[in-house]
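Start at 1 with the first residue, then count along the sequence. All values derive from a computational prediction rather than experimental measurement.
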Amino acid sequence: MRMVPKMRAKLKSFAAKIIQLLREWTETFPFDFQDERARKELKEIAQRITQCDEENGTIKKSISQMTQNVLLALSTRGQYQEIREKIRQPVMDKGTILKAKPQSAQKDILSVCGDPLVLAQQLTTIELERLGNIYPEDLMQIISHMDSLDNHKCRSDVTKTYNLEAYDNWFNCLSMLVATEICKVVKKKQRTRVMEFFIDVARECFNIGNFNSMMAIISGMNLSPVARLKKTWSKVKTAKFDVLEHHMDPSSNFCNYRTALQGATQRSQSANSSREKIVIPVFNLFIKDIFFLHKIHSNRLPNGHINFKKFMEISRQIHDFLTWKQVESPFEKDKRIQTYLLTSPIYTEEALFVASFENEGPENHMEKDSWKTLRSTLLNRA
């Protein structure tokens with residue numbers, strides 16, 4: 001029995017809506033189809049839909065293109081992960097620092113880039129590249145992981161959170177690089193210059209809208225091996241640093257930072273140039289906001305209805321994130337500077353303390369005991 005034209009038209013209309021749904025799903029969450037079984041189910045659905053348009057094959061072409069896009073997206077992410085595995089930040093165990101202080105002529109950040117604005121721009125380019133490799137499913141995995149813990153399920157699949165971990169590692173490496181660049185300098189005058197340089201870099205990051213690098217730099221300068229260098233800090237013009245710390249004051253749930261972030265977001269929404277569109281949030285805080293939003297608010301209301309307000313708020317935050325990550329860096333990539341930022345050796349926490357104590361000796365009994373214990377531990381290890 002042949003299908004009447006009216007029925008055929010309805011089926012084609014229905015099929016078109018299903019195609020639109022699948023297209024949005026595969027474009028927004030391609031990682032949902034990393035499993036062969038999921039791709040097989042997608043193929044089976046596609047085969048059923050194509051039967052609604054056997055005459056001109058328009059739907060078949062759409063599905064074919066959609067499938068190719070999924071495979072391309074998965075391939076691209078796989079290549080990115082392989083690259084990140086190969087370019088992990090090396091960590092130097094500077095036990096030898098006990099035998100000989102670093103040479104003042106060694107390569108440092110100021111010999112690679114002496115302009116705070118340029119370094120802030122290169123940091124922003126790196127941030128945007130990493131931000132671009134985080135996807136909605138990575139963020140939703142936070143919620144999924146929490147739900148699985150609540151249900152006492154064991155999850156062995158950590159692949160989906162790899163991008164989040166890689167971005168978190170970048171923040172930590174940048175903080176440690178800042179501390180390393182400061183502590184490895186022998187001469188106090190030069191060390192003061194490096195400190196003031198990083199303060200200026202952090203300020204330029206703030207002006208650009210790169211809050212993540214700004215926070216990483218401040219965190220690095222607040223690490224104990226750097227913070228204890230009182231003689232060096234006494235020579236630093238700290239007024240600008242005080243302003244930066246005010247912006248990142250954790251009191252009232254980082255109220256000052258959130259005000260600045262809101263201002264940058266509003267600027268981005270009305271911007272005409274890529275430079276004004278840049279918004280890079282402090283990523284750890286962004287993740288915590290989603291975490292607590294999901295944790296504190298129930299999925300269902302007391303009457304049993306779905307808590308749409310909660311999910312709309314989560315959706316809004318993820319939508320903001322998607323808008324931010326789509327911005328392309330307007331700054332020309334400098335290979336020399338980026339190579340230094342990404343591959344320059346960084347000290348371990350122990351090595352930072354060794355360098356710090358060698359630069360400025362222990363001042364109280366607690367520091368003297370720590371220095372004595374640290375020397376003994378490293379000498380025995382050697």
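- Within the 4.5 Å cutoff, the side chain of M215 has no heavy atoms near those of the F283 side chain.
- Between atom CE of residue M66 and atom CG of residue N69 there is a gap of 9.0 Å, rounded to the nearest 0.5 Å.
- For K40, there are no salt bridge (charged side-chain N to carboxylate O under 4.0 Å, His left out) partners at least two apart in sequence or on another chain.
- A donor-acceptor pair is defined here as one N or O able to donate and one able to accept, closer than 3.5 Å; such a pair exists between the side chain of Y257 and the backbone of V282.
- Between the side chain of S268 and the backbone N or O of A264, no donor-acceptor pair lies under 3.5 Å.
- Side-chain contact between F241 and N222 is present, with heavy atoms from C-beta onward closer than 4.5 Å.
- Taken to the nearest 0.5 Å, the CG atom of L244 stands 4.5 Å off from the CE atom of M214.
- Panel note: side chain S111, backbone D108; a donor-acceptor pair is recorded below 3.5 Å.
- Taking the ring axis of F357 as reference, the NZ or CZ atom of K372 does not stay both within 45° of it and closer than 6.0 Å to the ring centre.
- Using modelled atom types and a 3.5 Å distance limit, the side chains of N210 and T124 yield a donor-acceptor pair.
- Minimum heavy-atom separation, P330 to I278: CD-CD1, 3.8 Å.
- Not a single donor-acceptor pair under 3.5 Å links the side chain of E328 to the backbone N or O of S274.
- L174 is listed as a side-chain neighbour of L123, based on a closest heavy-atom distance under 4.5 Å.
- Panel note: side chain N256, backbone H246; a donor-acceptor pair is recorded below 3.5 Å.
- Side-chain contact check for I126 versus R130: some heavy-atom pair is nearer than 4.5 Å.
- Under the 4.5 Å side-chain criterion, counting only non-hydrogen atoms from C-beta, R203 is not in contact with I199.
- In this structure, S356 contributes its side chain and V226 its backbone to no donor-acceptor pair below 3.5 Å.
- Side-chain N or O atoms of T343 include one that pairs as donor or acceptor with a backbone N or O of T339 at under 3.5 Å.
- Partners of F286 according to the ring pair (Phe, Tyr, Trp, His ring centres under 6.0 Å) rule, which considers only residues two or more places apart in sequence or in another chain, are F321.
- Separation of atoms OG1 (T265) and NZ (K277) is listed at 14.0 Å; rounding is to 0.5 Å.
- Side-chain contact between L164 and L139 is present, with heavy atoms from C-beta onward closer than 4.5 Å.
- Looking at heavy atoms from C-beta onward, L110 lies in side-chain contact with Q190 at the 4.5 angstrom threshold.
- Here the options are F206, F171, W324, F254, the test is ring-ring contact (aromatic ring centres under 6.0 Å, His included), and the partner is F211; only F206 passes.
- Between the side chain of E196 and the backbone N or O of K237, at least one donor-acceptor pair lies under 3.5 Å.
- Here the straight-line distance linking atom CG of N299 with atom CG of N307 works out to 7.5 Å at 0.5 Å rounding.
- There is no side-chain donor-acceptor pair under 3.5 Å between N359 and K188.
- For the pair T180 and P345, the tightest heavy-atom approach, listed with the atom from each and the gap, is CG2-O, 4.1 Å.
- Note that the CG atom of L128 and the CD1 atom of I280 stand 4.0 Å from one another [nearest 0.5 Å].
- Summarising the geometry of F198 relative to E181, their closest heavy-atom pair is CE1-CB, 3.7 Å, with the distance given to 0.1 Å.
- Using modelled atom types, one side-chain atom of T26 and one backbone atom of R23 make a donor-acceptor pair closer than 3.5 Å.
- Identified under the salt bridge (charged side-chain N to carboxylate O under 4.0 Å, His left out) test for residues 280-293, with sequence neighbours left out: R258-D289.
- With K310 contributing its side chain and H297 its backbone, the two residues share a donor-acceptor pair below 3.5 Å.
- Put simply, the side chain of Y347 does not reach to within 4.5 Å of the side chain of P225, judged on heavy atoms.
- Of the inter-residue distances, the one linking I346 atom CD1 with C173 atom SG reads 4.5 Å to the nearest 0.5 angstrom.
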